[in-house]
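Worksheet for the structure shown next.
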Amino acid sequence: MSTSVIGFPRIGKDRELKFASEKFFKGEITADALGAVAAEIRKDNLLDQKDAGIDFISSNDFSFYDNVLDTAVLFNVIPGRYKALGLSGLETYFAMARGYQGEAGNVKALAMKKWFNTNYHYLVPEIDDDTEIKLTGTKPFDEYKEAAGLGVKTKTAIVGPFTFLKLAKYTGSKGACVFASALAEEYVKLVKGLADLGASWIEFDEPYLVHDLTEEDIILFKSLYEKILSSKAGLKVLLQTYFGDIRDIYTEVCSLGFDGIGLDFVEGKETLNLVKKHSFPKDKLLFAGVVNGKNIWRNNYENTLKLVGEIASATGDVDNIIVGTSCSLLHVPYTLESETKLTDDYRKHFAFAEEKLVELTVIDKLVKNPEKAVLDSNKALFTERINSCDEKVQERVRNIKDSDYTRLPAFAEREKIQHERFNLPLFPTTTIGSFPQTADVRKNRQDFRKGLISEAQYDEFNKKKIADCIKLQEEIGLDVLVHGEFERNDMVEYFGEHLSGYLFTEKAWVQSYGTRCVKPPVIWGDVSRKESITVKWSKFAASCTDKEVKGMLTGPVTILNWSFPREDISVKESTLQIALAIRDEVLDLEANGINIIQIDEAALREKLPLRKSDWYSEYLDWAIPAFRLVASGVKPETQIHTHMCYSEFTDIIPAIDAMDADVITFEASRSDLQILDSLKENNFKTEVGPGVYDIHSPRVPSVEEIVSALGKMRSRIEDKKLWVNPDCGLKTRGEEETVKSLKNLVKAAAELRA
Ligand code: GLN
Ligand code: ZN
């Protein structure tokens, strides 16, 4: 046996790459200086893995922005509009990643999408009919040589051709199959080039294989790899899969000429069964993903040894098994060493990337020699966890009744009651919650955090901001107002901080996309509401105006999806605990005179399983009820809003309607009108506010533009159900453009009414 790691975090322990890149974008440092920071990170990563004793270490897992983009650029999949800028290689790369606006021209970035079921985002390669696929880059070679120079012999990790073709967007008339043979040929050149350098292994990452595959997919996969594997040039080829099992193609994969196959035994529900049922080819190495590459918890050695034992008895040979991570460690923070405040009682339960390296080598040793002392101390971690249980919370969850998931009366009756009560104009205007988080707003929070100002000073500043924000909204002429969210750093962290059961880290950053990292809070124990969270602010805001002010909360599914979840209880159970806590806050707001309450579920779609067949049974069947539990206790005349960020929910419209909110706002301005069509087709009952302009850009939309967007919406949505709003919160926008945009929005609604 030996050990393998699929990939390592690359943003730097102190997010060095983020800060250096941002300086480079502003022209404050040169490309060489940025390159030096990157080289230092790669070196640290390689040596850390080597020193830990890992046998199979990847190179080419580094990226300045994203690995899929790296692969596109490597094979010359660079749309003409970027080439036309005539920039340097690195600048062209960043233009594709971030868009470009300057002397050379003005182009938008490539589209960005969620990487499978993670919170990482990749750039979508764009292939048009003129794309000439050609190995023009040298990154994998350079990084192989660089690692070799440091004394680390690596496997070269690269996004495989199948996943690459499946994730690409085809803007012309030619599809994936047309490009398959050319792409395979170029991968062959890559293989040969690495062999010439004396490399031993290449790792093709093919996570797309864990989806439900069609007949054509399987044909495409085989055609690509038959070609590549027939010209290996002495290089060994590892097919690496992750994020699930490969039930649709397992036997085909086993019969191809790979030298190693990487399978995910953590997320792959069927992986062990597949190996048991069909065994595993004797002439290949099995890279067994047994250490979770996504969670932050210690591995349970006893369970893992049992798993490895079962794999070995199915394959008949323990020496053919390499123990590895279930996916790239990109999805976990670097190291616990950076956490200075976590006491040992907590710390001993965690394993970030570096600690997972140690676990891999320990597991490798334990397989040969199951040392009792090591196993016993590991076992203790899973039986004792301080302060994690709260009997009262658990009992509350046990006592949830079916009727608690249902709001009464039914929607149609509530809609009537609410229309009479609020008497809002047709096409009511509102915003999604946050207003621009200007420097003074952030400073106020930071100063309070650092103890530089008192709570009274902090509150006073926020109240002034809220009062101004309300006044501004009244001047603009919006119908339903918000308090502006000046007290919030982040829509999940803020709630985590006010709930018991949460832990916070100092540097547990995880890359979300490019230079953007997130620091998810950790659900440690049973979750409950310690005190009222938002009531003070909403109540104050409501006191500043005669108009309705929406209370603003984050929903349980989003809180869960943007936290590191527990594993000692199910995610469903955790979500229900959070739902009850937020339900308490909803009722508290209502009791304090807040008549409209928005419960954001920005990340509802995030954890949707990769296989459609699992969507309901494994996720929506509890996620949607969890939302309903939050809202079901309010009076019929209280209006519940929700908000979702990605409009890619055309395929789950019935589930969204089943949330049984009164109003839903969502992002629609950037996507086509497909979603509106499916709302109509599905007879969507909930009132809707599809965003009329894109808040991700500083552009001010004109009145005509908004009127025209609304016109399209009216052809699919009944007038009495249509709300008018931007597509997301305004916190990242400047004040000036926000005011102009909202004024135009209000004018557009007025035009429609007239
Ligand atoms: N209410 C939040 C805001 O306006 C919603 C943010 C989001 O959807 N990402 O900022
Ligand atoms: Zn949003």
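Atoms within a ligand are numbered from 1 in the order they appear, just like the ligands themselves. These numbers were taken from a predicted model, which means no experiment stands behind them.
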Among protein heavy atoms, which lies nearest [atom], and at what distance?
atom	value
atom 2 (C) of ligand 1	Asp600 OD2, 3.3 Å
atom 6 (C) of ligand 1	Met491 SD, 3.5 Å
atom 3 (C) of ligand 1	Ser434 OG, 3.3 Å

Do [X] and [Y] have a side chain donor and acceptor closer than 3.5 Å?
X	Y	result
Thr686	Asp657	yes
Tyr458	Asp447	no
Asp588	Asn592	yes
Asn444	Lys465	no
Arg421	Gln639	no

Is the centre of the Phe666 ring less than 6.0 Å from the centre of the Phe649 ring?
->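 Yes, ring centres under 6.0 Å apart.
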What about the rings of His331 and Phe243, do their centers lie closer together than 6.0 Å?
->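 Yes, ring centres under 6.0 Å apart.
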Would one find an N or O of Ile432, backbone or side chain, under 3.5 Å from an N or O of ligand 1?
->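 Ile432 vs ligand 1: N/O contact under 3.5 Å present.
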Contacting atoms of ligand 1, where contact means under 4.0 angstrom from a heavy atom of [X]:
X	value
His643	8 (O)
Cys645	7 (C), 8 (O), 9 (N)
Ala602	8 (O)
Gly729	3 (C), 4 (O), 10 (O)

Rounded to 10 degrees, what angle sits at the Zn ion (ligand 2) between Cys728 SG and His643 NE2?
->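 About 120° at the Zn ion (ligand 2).
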Could you check which of Gly433, Cys728, Ala603 puts a non-hydrogen atom nearest to atom 7 (C) of ligand 1?
->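 Answer by nearest heavy atom: Cys728.
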